[in-house]
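See structure below.
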Amino acid sequence: MNLFDRMLEEVRGAIARLAEAGQLPPDLDLGRVTVEPPRDPDHGHMATNAALVLARTARRRPMELAEDLARELGGAPGVREARATAPGFVNLRLEDAVWLEQIRCVLEQGEDYGRTDLGAGITVNCEYCSANPTGPLHVGHGRGTVYGDALANLLAFAGYRVVREYYINDGGGQVEVLARSLFHRYREILGDDPGPLPPDAYPYPELIPVARRIAEEDGPVWLGQPEEAWRERFARAGSEAMMARIREDLAALGVRFDVFTSERRLIQEGRIEEAVRRLEEQGHVYVGTLPPPKGKPVEDWEPNPQLLFRASAFGDDSDRPLKRANGAWTYFAADLAYHYDKFRRGAPLLVDVWGADHGGYVKRMEAAVAALTGGKARLVVKLCQMVHLYRGGQPLRLSKRAGSVLWLRDVLEQVGRDVFRFMMLTRKNDAPLDFDLEKAVEQSRDNPVFYVQYAHARICSVFRHAEEAGMPTDRRRLIAAPLDQLRDPGELALVRTMAHWPRVVVGAARHFEPHRIAFYLHDLAGALHALWTRGKEDDALRFVIPERPQVTLARLAMLAAVRQVIARGLRIMGVEPVTELQ
RNA sequence: GCGCCCGUAGCUCAGCCGGAUAGAGCAUCGGAUUCCUAAUCCGAGGGUCGUGGGUUCGAAUCCCGCCGGGCGCACCA
């Protein structure tokens, strides 16, 4: 249990004692009682709002109740001071030893320090990336993929059983476009002049080798054939080749999925009919005509009766088509079947990471999950906003039409996986993100990646020096270090920041916000850098002092613990901690 | 027109389930390097938290209106 939860228990105990003594009514609702670090460190290490929250129902003045609580808490183990302050907070100061003991916890628990059972072993299916198999990943895909991957790491650390899943959209119209694009290249290769590339075709040169392989394997047999004859062949070859390329891109990003699910396969296995039948049984499906779209007028709009899902009964703004006017299943129908499939594979919590341009799709998917699972599954959709690319402060103008796309792979080659991953997590998911290729490569001081990496590397450097000086650095000795040697306010501030880690994990996991890890690591690195510099000004504060082995051992233990927490945080972000920078 | 997201310092953004005098980085200005990595540190200036109401002990945070920006709005994905 982390320190804040431990103190919350003490607060609850104090409230129970007051209730027993008749100074508080029994059975108060303690749901809103919190123990948090105060914004202003002068107020103490922790503060509880208990008196403020309970005053009304207890019919007590907040300040008086706070004073009663402070009196009770003053005697709690590890509490040095408990003081009531206006308007009714109780500020707590803990014994230094309590904080310092966290060092030993970190060293003993290692990678597990900060792990929580928040998820209670519940299976969560995280679906992210899921880029169409029609081309390589670009930078926008990169953001959602990094976010999803870090979120999956975070949830796993927070006690969920995590399934990482990629949905391959290989069943719809976009792979037919891919097939036509490939066929165009195929004709070019075989000298059967197809004319200029049609405007809706994918212009990527990455398609040329795929077309060439078809030409080599099949020869000219498809020339002059109608689309129905070659579509399947080209669509299959194209999507498989592009998925192979996407898997390479994912590997370059350091992302691994547990499951790849193919839309085409879901369709072939009759899953759509199955899911729609289930909705039908519950009376959520009907044939009807939707009103015309409200946005820009659609020129070829005609009122058509369609098979519809009664999404409006589940909070959506309108009912949604399951079949097109031509009778084919819609993408939504397949996606609905897909989500039902994920639920039936054993995940009551479904997390989808989408681009912000799919925001209009959220409600209908939530409605579908609610209807299909009878409310037994919860769908959480996280939208990632756009990435704006810059180079040296100048916005990068890219246009798909002109074929000037910046592939993720190229960016990774330029800036490196770790920089890219960290930068993608320096904003919360629903805020747009500026990414400057030049600054990221520069490794300049306004690059937060290196600020954090530098802290880790500095600690590694201290250990190298300690070993050269013949100081013990093994884990066993560090765990037994005399932590009471750490008395400097800077040391204690660093240790307290480090001890916030379990809290950060819980907050980040509860809100599905891995960016909080990045901001926390920046703070922790800052506390380390500050302490470091004081050692340059005052010899007594240097980490390694050969003449004072006890102090040195305690400081090395502290540094080892901080390094452990930084490394853990970086790994959740999918960033490799470095041991030196040059 | 409707839905979702956003609006916090000159710029880019944090702000945890409502909490105390609203924070960080960049930029500007002033300092710190014999010695564990200066890719660092210390300090200063800079904010009506878009705006108007409401809820309450307390609102950047929750609710409503308005203004401004982004995304989306049958039969694509």
Side-chain angles (χ1 to χ4, degrees), chain A residues 31-32 34 36-40 42-43 47 49 52-53 55-56 61-63 85-89 91 132 134 169 172-174 177 263 289-296 298 300-304 306 308 316-318 320-321 323-326 328 330-332 334-335 355-363 383 385-386 426-428 430-434 442-448 450-451 453-455 457-459 461-466 468-469 503-504 506-508 510-511 513 515-516 519 522-523 525-526 528-537 539 542-545 580-582:
Chain A
R32 290 169 59 215
T34 60
E36 304 178 317
R39 185 148 46 194
D40 186 343
D42 288 345
H43 290 136
N49 61 356
L52 288 163
V53 170
R56 175 181 288 270
R61 289 174 190 279
M63 224 16 228
T85 58
F89 289 102
N91 289 329
N132 289 341
T134 53
N169 293 125
Q174 77 286 348
V177 174
E263 179 189 8
T289 305
L290 288 173
K294 289 280 167 41
K296 290 173 189 166
V298 180
D300 58 346
W301 183 85
E302 288 172 14
N304 284 317
Q306 289 172 290
L308 300 174
D316 199 357
D317 310 310
S318 153
R320 303 295 178 179
K323 279 192 174 174
R324 304 186 216 165
N326 65 10
T330 58
Y331 174 81
F332 175 57
D335 209 6
D357 55 343
H358 289 58
Y361 201 76
V362 174
K363 283 187 181 177
L383 300 177
Q385 283 290 340
M386 312 249 304
T426 54
R427 291 284 174 274
K428 70 185 162 202
D430 48 14
L433 188 153
D434 295 341
E442 261 174 22
Q443 307 187 352
S444 64
R445 63 189 57 207
D446 53 340
N447 187 335
F450 290 91
Y451 189 81
Q453 289 281 31
Y454 189 29
R458 272 186 151 170
I459 293 174
S461 169
V462 172
F463 272 84
R464 287 191 292 270
H465 281 269
E468 277 169 28
R503 244 183 86 75
V504 171
V506 170
R510 183 171 286 157
H511 295 271
E513 291 184 344
H515 76 277
R516 294 189 191 198
F519 282 88
H522 196 270
D523 282 352
L528 185 274
H529 289 313
L531 188 58
W532 176 288
T533 305
R534 292 192 49 221
K536 298 187 87 68
E537 292 153 1
D539 280 350
R542 291 169 68 76
F543 296 127
V544 178
I545 306 174
E580 56 187 325
L581 294 168
Q582 57 291 75

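Reminder, nothing fancy here: chain letters follow the sequence lines and each chain counts from 1. As the structure is a prediction and not an experimental result, all values here were calculated from the model. FYI, side chains are in, hydrogens and waters are out, and symmetry mates aren't considered; it's all heavy atoms of this structure.
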Sugar-phosphate, base or nothing in reach of A:Asp316, heavy atoms under 4.0 Å: nothing

C1' gap between B:G70 and B:G58, integer Å: 33 Å

Touch class at under 4.0 angstrom, heavy-atom based, for A:Gly173 against every strand present: sugar-phosphate

Review item, nucleotides 10-14 of chain B N/O atoms under 3.5 Å of protein N/O:
unit_1 : atom_1 : unit_2   : atom_2 : d
B:U12  : O2'    : A:Arg427 : NH2    : 2.5
B:C13  : OP1    : A:Pro432 : O      : 3.4
B:C13  : O5'    : A:Arg427 : NE     : 3.3
B:C13  : O2'    : A:Arg427 : NH1    : 3.4
B:A14  : OP1    : A:Lys428 : N      : 3.2

Integer angstrom distance from the C1' of B:G10 to that of B:C2: 37 Å

Per-pair stack call A:His43 and B:A20, 5.5 Å, 30°: yes

Nearest-Å distance once atom P is located in both B:G68 and B:U28: 35 Å

Step-by-step salt bridge (Lys or Arg N to Asp or Glu O under 4.0 Å) determination, A:Arg534 to A:Glu537: CA-CA 5 Å; A:Arg534 292 192 49 221; A:Glu537 292 153 1; 5.4 Å; no

Rounded P spacing from B:A39 to B:C26 in Å: 14 Å

Side-chain N or O of A:Arg32 closer than 4.0 Å to phosphate OP1/OP2 of B:G58: no

Derivation and outcome, ring pair (Phe, Tyr, Trp, His ring centres under 6.0 Å), residues A:Phe543 and A:His465: CA-CA 10 Å; A:Phe543 296 127; A:His465 281 269; over 10 Å; no

Base B:C16 to side chain A:Arg503, donor-acceptor N/O within 3.5 Å cut-off: yes

Side chain A:Asp335 and base B:A77 donor-acceptor under 3.5 Å: no

Rounded distance (Å) that lies between atom C1' of B:G72 and atom CZ of A:Phe332: 16 Å

Parallel, tilted or perpendicular: rings of A:Tyr361 and A:Tyr331 (30°, 60°): tilted

Distance, P atom - from B:A32 to B:A24, rounded to whole angstrom: 23 Å

Within 6.0 angstrom of A:Arg56 CZ, more than 12 heavy atoms from elsewhere: no

Nearest-angstrom distance, C1' atom, B:A9 to B:A22: 11 Å

A:Tyr331 over B:A77, stacked by centroid distance under 5.5 Å, angle under 30°: no

5'-most by nearest nucleotide on RNA chain B - A:Leu290 or A:Val506: A:Val506

Short side-chain to backbone donor-acceptor contact, A:Asn169 and A:Asn132, under 3.5 Å: no

Stacked pair A:Trp532-B:C36, distance under 5.5 Å, angle under 30°: no

Backbone N/O of A:Val362 and side chain of A:Asp316: donor-acceptor pair under 3.5 Å: no

Toward the 5' end of RNA chain B, by each residue's nearest nucleotide, A:Asn132 or A:Arg320: A:Arg320

Interatomic distance, A:Ile459 CD1 vs B:A39 P [rounded to whole Å]: 17 Å

Sugar-phosphate only, base, or nothing, as touched by A:Glu36 at under 4.0 Å among non-hydrogen atoms: nothing

